[in-house]
Amino acid sequence: MSKNISETKYVFVVGGVMSGIGKGVANSSIGKILQSKGYSVTAVKIDPYVNVDAGTMNPVEHGEVFVTADGVECDQDIGNYERFLNKTLSTHNYMTTGRVYQSVIERERNLEYDGKCVEVVPDIPNEVISRIKKAGEINDVDFVLTEIGGTIGEYQNMLFLEAARMMKLKNPGRVLFVMVSYLPIPEIIGEMKTKPTQHAARTLNSAGIKPDIILGRAEVPLDEPRKRKISIFCNVDKEDVISAPDVSTIYEIPLNFERDNLSNKILKKFNLKPKESDLKNWRKMVNVIKNADKKLKIGMVGKYFETGEFTLSDSYISVIEAINHSSWANKRKAEIFWLSAEEYEEDPSKLEKLERFDGVVIPGGFGSRGTEGKIKAAQYCRENKIPFLGLCLGMQLATVEFARNVAGIKNANSTEFDKGCKPVIDIMPGQKKLLKKKDYGGTMRLGTYECKLKKGTISSQAYNEELILERHRHRYEFNNKYRKKLEKNGLKVAGLNPKTDLVEIIEIEDHPFYVGTQFHPEFQSKPLYPHPLFKEFVKTAIQHSQT
Ligand code: GLN
């Protein structure tokens, strides 16, 4: 039965002091604890930047581009939401300043404002409000949890705070504000300081919003004196100041929140009765994550992780998650080793290091930098029977490698990297025109497509299904003109799109696990429901580690 939308409750999560302190995970965790009490929830991410979606941003700068089933290129927080809530989200769960303005302007151009002057306030906040409400309606939920990106006091997110304020004014009993703040412990002072949080609360007050709950992010739990101070100076009940200390796994956060009874506090504020929560399986999983002593060593050959002196793994977050989920299901802790593809180009003798790993993954990517190194890594794994999983670009390069070194097509490559090559991977016909017009935004082959599996393959054994649905993000594809020749040399086409014959999965013979997918299975893996293909990969990697 569909819910009465006049009953839907709205929680806003905003960030104080600085960014990067885990608002997304806090939002996901609030969702999880409400869900554990039998409520239905959905989560919305607001990104204050002007980009219409995250697809045009460099992953080193922005982190992974997550893709929804309906083909939106969005922020990695949507991935966190899906993983914590075990849900499939859509375009309704994500907005940016660019998206909001784009629809208001489109509507204005279509004369939908009846000749009125269209103004930033209230027309932009009104659009934001209608999107948040729509997310509740479409998902048919009790709670919509909205994370406003950026930090309080920033110019960019003001209109979103304004929308939240307007929602509270109209529905006072159905809107709640959670401020996630950071409490530093400067080494030189040796004491946890609350002042930045006090300032953040005041800045939020000046936007017309009073926080109902404050989540205090810090290295360690907040003590009583800190809670008291925050309560007095930020104008919240002491019991509504919740500790959110650093954790070894993000999946512990819902359990920590429950230790402070957060879900019942939220329910009480909405005049709902307290309830028992069921986090049994979740707790079991967290125990495994924290206590698994057996390791699984996975090498990841990529390029989006070096930025100055730092190494960022955010660009591949869903792949790491998917490896972890399957490892946890086997009571193992995955250790991921970052391998720079370019190193293999400079010094092929380094390839021998791949021998140390139980399995190797080549994830997705764009542009030619590092591709020859990845091809060498794929060759090494094929020849040395190391479990290998190629994702999107990883599958394309495994095909190129096979074409060159097994099928003898010397100049084989993808036209993404070499226009004059033997194009075993080529641009999709529909994509050619788009690139000519420089129409880059949101125009790849995106989102869910069907794939029919061939019986007797590793993939069909892993999925145990004939027809699967997987998410995509690419412009280039396996060139069917070369299919016969490659198949004759032992390449197996294990999955095909039933409508277009686009090759979705390749495998090779006489290898424990050598699979390349044009799609991104990592987007659908959930902590308690690991993805079948990753499960099979991890299973083989464990066997490999024991040989
Ligand atoms: N660059 C390749 C393409 O566009 C692969 C994309 C990816 O790995 N997501 O087809």
Side-chain angles (χ1 to χ4, degrees), residues 53-60 62-69 71-76 79 300-305 314-320 322 341 360-375 377-378 388-401 403 412-419 421 423-436 438-449 451 470-480 482 495 497 500 502-506 515-525 533-534:
D53 57 49
T56 52
M57 279 183 273
N58 183 335
V60 174
H62 176 266
E64 171 188 89
V65 176
F66 190 78
V67 181
T68 59
V72 182
E73 297 169 291
C74 57
D75 185 79
Q76 61 187 35
M300 184 106 91
V301 189
K303 68 170 179 182
Y304 296 125
F305 44 79
D314 260 16
S315 329
Y316 300 110
I317 184 84
S318 293
V319 183
I320 300 168
V360 169
V361 177
I362 301 188
F366 295 83
S368 65
R369 183 165 66 85
T371 50
E372 287 302 321
K374 290 180 189 172
I375 290 171
F388 170 88
L389 182 59
L391 306 169
C392 203
L393 179 67
M395 169 269 197
Q396 297 176 353
L397 295 178
T399 306
V400 169
E401 189 281 311
N413 208 335
S414 161
T415 48
E416 181 178 0
F417 316 122
D418 178 2
K419 298 278 176 272
C421 66
V424 290
I425 303 294
D426 201 3
I427 184 105
M428 286 185 280
Q431 292 287 332
K432 242 186 216 160
K433 284 184 223 129
L434 295 166
L435 291 190
K436 225 180 227 156
K438 293 199 170 176
D439 191 357
Y440 301 125
T443 57
M444 285 188 229
R445 179 170 177 255
L446 290 167
T448 299
Y449 287 90
C451 167
E470 289 285 1
R471 299 186 198 172
H472 298 74
R473 179 172 188 248
H474 64 119
R475 289 192 202 282
Y476 294 81
E477 64 177 339
F478 183 109
N479 186 347
N480 273 323
Y482 288 88
N497 178 293
T500 62
L502 183 144
V503 173
E504 292 280 6
I505 310 178
I506 59 147
V515 178
T517 64
Q518 184 54 76
F519 51 79
H520 292 269
E522 67 270 23
F523 290 143
Q524 296 202 87
S525 187
L533 208 52
F534 277 90

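Atom set for the values below is all heavy atoms of this structure, side chains included, hydrogens, waters and symmetry mates excluded. In listed order, ligands and their atoms are each counted from 1.
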Check: How long is the gap from CD on E416 to CD1 on I425, to the nearest 0.5 Å?
Finding: 10.0 Å
Margin query: Measuring from atom CD of E401 to atom CD1 of I375, what distance do you get when rounded to the nearest 0.5 angstrom?
Written below: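 Answer for the CD-CD1 pair, E401 versus I375, is 8.0 Å.
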Item checked: Non-hydrogen side-chain atoms of V67 and F519 separated by less than 4.5 Å ->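 A side-chain contact is absent here, since even the closest heavy-atom pair is not under 4.5 Å.
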Checklist line | For N479, all residues meeting side-chain contact (heavy atoms from CB on, under 4.5 Å), sequence neighbours excluded | finding: P423, D426, K481, Y482
Note to self: So which atom in C392 and which in G364 form the shortest heavy-atom distance, rounded to 0.1 Å?
What the structure shows: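 For C392 and G364, the tightest heavy-atom pair comes out as CB-CA, 4.3 Å.
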Note to self: Ignoring hydrogens, what is the shortest heavy-atom contact between L434 and T443? Give both atom names and the distance.
What the structure shows: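 For L434 and T443, the tightest heavy-atom pair comes out as CD1-O, 3.5 Å.
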Check: Got the residues with a heavy atom under 4.0 Å of ligand 1, by chain and number?
Finding: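 Only G364, G365, F366, C392, L393, Q396, E416, R473, H474, R475, Y476, H520 have heavy atoms that fall under 4.0 Å of ligand 1, ordered by chain and number.
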